[in-house]
Every structure is written in C-alpha cells, then in structure tokens.
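This report refers to the structure that appears directly beneath it.
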Protein chains: 2
Amino acid sequence: MTVPPGRRERKKAATRRKIAETALRLFLERGYDEVGIRDVAAEADVAVTTVFSHFASKEALVFEQDEDFEQRLRRAVTDRAPDEPLIPALRREMRELVLHCAADSAVPIWRMIDASPALRKYEESMRLRHAESLATAIAADPALSRTPTACRTIARFVIDAHSLAREAPDPDAAVHEIFRMIEAAWQTTTPTERPRPAVPARNTEPAPATTSP
Amino acid sequence: MTVPPGRRERKKAATRRKIAETALRLFLERGYDEVGIRDVAAEADVAVTTVFSHFASKEALVFEQDEDFEQRLRRAVTDRAPDEPLIPALRREMRELVLHCAADSAVPIWRMIDASPALRKYEESMRLRHAESLATAIAADPALSRTPTACRTIARFVIDAHSLAREAPDPDAAVHEIFRMIEAAWQTTTPTERPRPAVPARNTEPAPATTSP
DNA sequence: AACGTAGCACTAACCGTTAGGGTTTCAAAA
DNA sequence: TTTTGAAACCCTAACGGTTAGTGCTACGTT
C-alpha cells in the first residue's frame, strides 16, 4: 500500500506538477486565451501529447483540485457525526470551501476563470458531476432515506450555493442565507424519519458484515 | 417595424432555417459527433463561414429555441396576474416546459443531447444564462423585494428543476416534488414583507437611501 | 441609375485534441 | 543478473471546430 513510491511514480508526479505550475503561471501572466497548449508544452519542456496524458483538456489544467472539492463534500456527508443532521454538516464544509476560494491567493485564478467563457463552461460541467456525486452520497445514507429526486435536488442546491456565495459581496453571509433556504427545502422532504423525539433511539448496528473494503 | 419584410431578410431567414433543418436532420440520422460542420454546410449548399454567421457554434445548431425558453420563464414572472404568487406561476410554466420536452417529438433530440458531452456542456452554460436572466426578472419585481442572493438562488433552483424533472421517471410528479422544496426555500426569504404575526425583532433598515441604480 | 452594404463564398490558417508509431526507463519476474 | 513487459515519454501528422481576410453579388435606397 504505502510503500516508498518508486522512481517512476515520483518522476511522473514531478512532470505533472511541472506542467500544471507552468500552465498556471503562463495563464496568469498572459491570459488564458493568449496561451496555447503548444506554449505550455514548450515552456514545461515536454511534448504536447504528454500534457494531454496528464490532463484531459486545456481547462483541466486550471481545475486541478477538482477531485478534492468533490471528495470533501462527499465526506461531509459520509463522515459526519452519527447524530449530526445533514444540512449543518454540508453548510460547515461549504463555508470552508467558499472562504478558501474567496479569500486565499486564489483570487486571481477565479478572476481568470470568470473572464474566460471556456473556463466557465468547464466549471459548469464539473458542478454537474459534483452534484451527482453528492446526490449519490446523500441517497446512500440510510439515516436519511429520501427519494432520489429529493436527493438530487438538494445536492444541486448545495453545489449552486458554492458559486452563488463565491460571487456574492459577502460570501460568508451568503452561505448562511442560502443554507437557510436549503434547510427549509430539506425539511419538506421528511417522509420516513423520526429525528429525535422522546427516546434518542440510537440504532445499535446489529451486524456490520461489510464495512468498507 | 412590422413592415412586410424585404426579399433580403426573407432569404436570410430561409438560409438560416435551411441550415438548422439540415443540421438537425443529419445529426439525427448519423449522430452528432459523426457529422462535421463541413458536412452540414455542403448538404445545406452554403459555405462553412455562412453557417457560423448564423449560428455561434456547432452546438447552437441544436439549441435553436434557447431564447424561447429564457423568455417564457422571464414572462412567467413579469406577466403573471398581479395577485398571483411567484412560485406557483413559475411552477406552472416549468411544468409545461418539462412536459413539452419529455413528451413531444423532441425525445430523440434530447436523447442525442444526453449522448453527447459537448452538447451537455453547452446546455449547462445555457442554464447559467437562463438562471441569471430569471434572477434579474425576479429581482426587478417590486412586489417581491428579496435580496439579490435570494433571487439568484431561487432562480438557480428553478432552472435546476428543469433538468432534474426532465430526467426523472415521472417528470410531472418530479416538478411538483421539487417545487414543494422551492416553495419552502422561498418562504424563508421574507424580509421586507408582512406575512403575519409576531415580528421577530428584525432590524428595520431605517434609511434605504440608495435602492438600485 | 448609381451607390452602399448585407449576405455569402472561398481560401488558408489557428488551435485543441488524438492517432500512430517509436524510444527510453523503470520494475519485477526468470 | 538478465530478461521482459509496460509505463512514460517523444515526434509527426492529422482531424474538426472556428476565424480572418478578401472578394463578389444581389438587394434596398437615394
């Protein structure tokens, strides 16, 4: 598993990192549309085909932490405390993600993204993937048990919250404002649940045959 | 304005229609990815540049009624009866739009769209435009007076409802399920209104000197 | 009738992306 | 150690969407 990675893997990772860093530097220096893939490849001293063996498209060079984002949201659902409700957990995670985007040194990157139609388009298609991934995680939680449509709807709302809050004048306040709406939407979808009335009714996990292979 | 259109305009419209019809026919016959712009131009007996003078991109050949969709949603807001609440008006319109997409002879077109990543991407970017347009219409209604973030959020939710309902097994039921959630979300955003009792000590915004220039 | 221009054609290219085919470098089996 | 397989990389050439440049022609207008 976690054996010391061989020279080959280290070199591959180094190449990938060099390409991504070079690309981002050139994009920020000259503008995304003014830099071609051939420029990136030449500056990183690799072949054009090598760039595309590491990144699926030119836009993917900009959205490197794409999978991070997706995974963090999924884990906010799956790894939350057993008694923590869904929406507050998602709100907490989304708040961190938004603040990270809005306040960090990532500001010029987002300015570049907002200025390029191609990048905005790509971001949109990523968001759909993220929403589906999040919807799957929500639907898989036996403590929630909503309809597929309800899960997908809430997932979309949460993903929407990211770009809406990011573009708001006060991102932190926007997260709270939007999640108040999401919470209300979620509350209307409570057919098969008993939150925590008199008895806490903590189910005791009778036979966890399969955990996580 | 509505003078009998001259020969030039009629010819232009005919060319545009011929291109669109030819393109859609070829796409459905052979598949979107199997038909090149050069094929469409040849079959429609025009130059490639002429195709692009009528349509901004290859994908735009498929989404001709794009502006219809946008306008119908905006008008569902602006042209609704003075006493009709927002969400029911939007739900009614969205229900029609979804049923139109799901039941009509438009089914093979949507099958084609769902099968092509390029078309799905394009549709996504359209949806962002539609959401912004709808948000503007909602924000402009003095009878509603919500925050910009609330307007944009609800607009996104409504646009999301379209694709979610379209993909659901029972689109009509999905529209109602999703709009129940949207209605609840909308209800939580009632700052400058007096729904009913016990004012919960909200600050009253004493002097709104600047409204919206 | 003359003029200005909108619409269209043609060529040639740009750019992202991929296929095809070859070389080096590593890792693990023999 | 040697062999062997394949992963990573390189190069060339091309494909397909898109655009610039340059005209020509037909139409609307004066």
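The chains referred to below are lettered A, B, ... by the order of the sequence lines, with proteins before strands, and numbering in each begins at 1. The model shown is predicted, which means the values in this text are computed figures rather than measured ones.
Taking atom NZ on B:Lys12 and atom P on D:dA26, their separation rounds to 18 Å, with Å as the unit. Put simply, CG on B:Leu119 is 13 Å from C1' on D:dG17, counting in whole angstrom units. Atom CD1 of B:Ile37 is separated from atom C1' of D:dG16 by 9 Å (rounded to the nearest Å). Rounded to an integer number of Å, the gap from CD of A:Glu59 to C1' of C:dG16 is 9 Å. Between the CZ atom of A:Arg38 and the P atom of C:dA13 there is a distance of 15 Å, given to the nearest Å.
The stretch residues 13-36 of chain B comes close to DNA chain D through B:Val35, B:Gly36, each having a heavy atom under 4.0 Å from the strand. The stretch residues 48-55 of chain B touches DNA chain D through B:Val48, B:Thr49, B:Phe52, each having a heavy atom within less than 4.0 Å of the strand.
Using a 4.0 Å heavy-atom distance criterion, A:Asp39 is classed as making no nucleic acid contact.
Taking the charged nitrogens against the carboxylate oxygens, A:Glu29 and A:Arg25 do have a contact shorter than 4.0 Å, which makes a salt bridge. A salt bridge links B:Asp66 to B:Arg129: at least one charged side-chain nitrogen sits closer than 4.0 Å to a carboxylate oxygen.
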Nucleotide N/O of nucleotides 26-29 of chain C paired with protein N/O under 3.5 Å:
{"unit_1": "C:dC26", "atom_1": "OP1", "unit_2": "A:Lys11", "atom_2": "NZ", "d": "2.6"}
{"unit_1": "C:dC26", "atom_1": "O2", "unit_2": "A:Arg8", "atom_2": "NH1", "d": "3.2"}
{"unit_1": "C:dC26", "atom_1": "O2", "unit_2": "A:Arg8", "atom_2": "NH2", "d": "2.8"}
{"unit_1": "C:dA27", "atom_1": "OP1", "unit_2": "A:Arg7", "atom_2": "N", "d": "2.8"}

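Of the possible polar contacts, one joining the B:Ser125 side chain to the B:Tyr122 backbone as a donor-acceptor pair under 3.5 Å is found. In this structure, A:Ser116 contributes its side chain and A:Ile113 its backbone to no donor-acceptor pair below 3.5 Å. No donor-acceptor pair closer than 3.5 Å links the side chain of B:Ser145 to the backbone N or O of B:Pro142. In this structure, the side chain of A:Arg146 engages the main chain of A:Leu144 through a donor-acceptor pair within 3.5 Å.
Of the residues listed (A:Phe69, A:Phe179, A:Phe157), the one engaging A:His162 in a ring-ring contact (aromatic ring centres under 6.0 Å, His included) is A:Phe69, and it is the only one.
Annotation: cation-pi pair A:Lys58/A:Tyr32 present, NZ/CZ under 6.0 Å from the ring centroid and within 45° of its normal.
Of all heavy-atom pairs between B:Val77 and B:Arg80, the closest is O-NH1, 2.9 Å. Between B:Arg16 and B:His54, the shortest heavy-atom contact is NH1-O, 3.1 Å.
Counting non-hydrogen atoms of other residues, nucleotides and ligands closer than 6.0 Å to CD of B:Glu67 gives a total of 12 or fewer.
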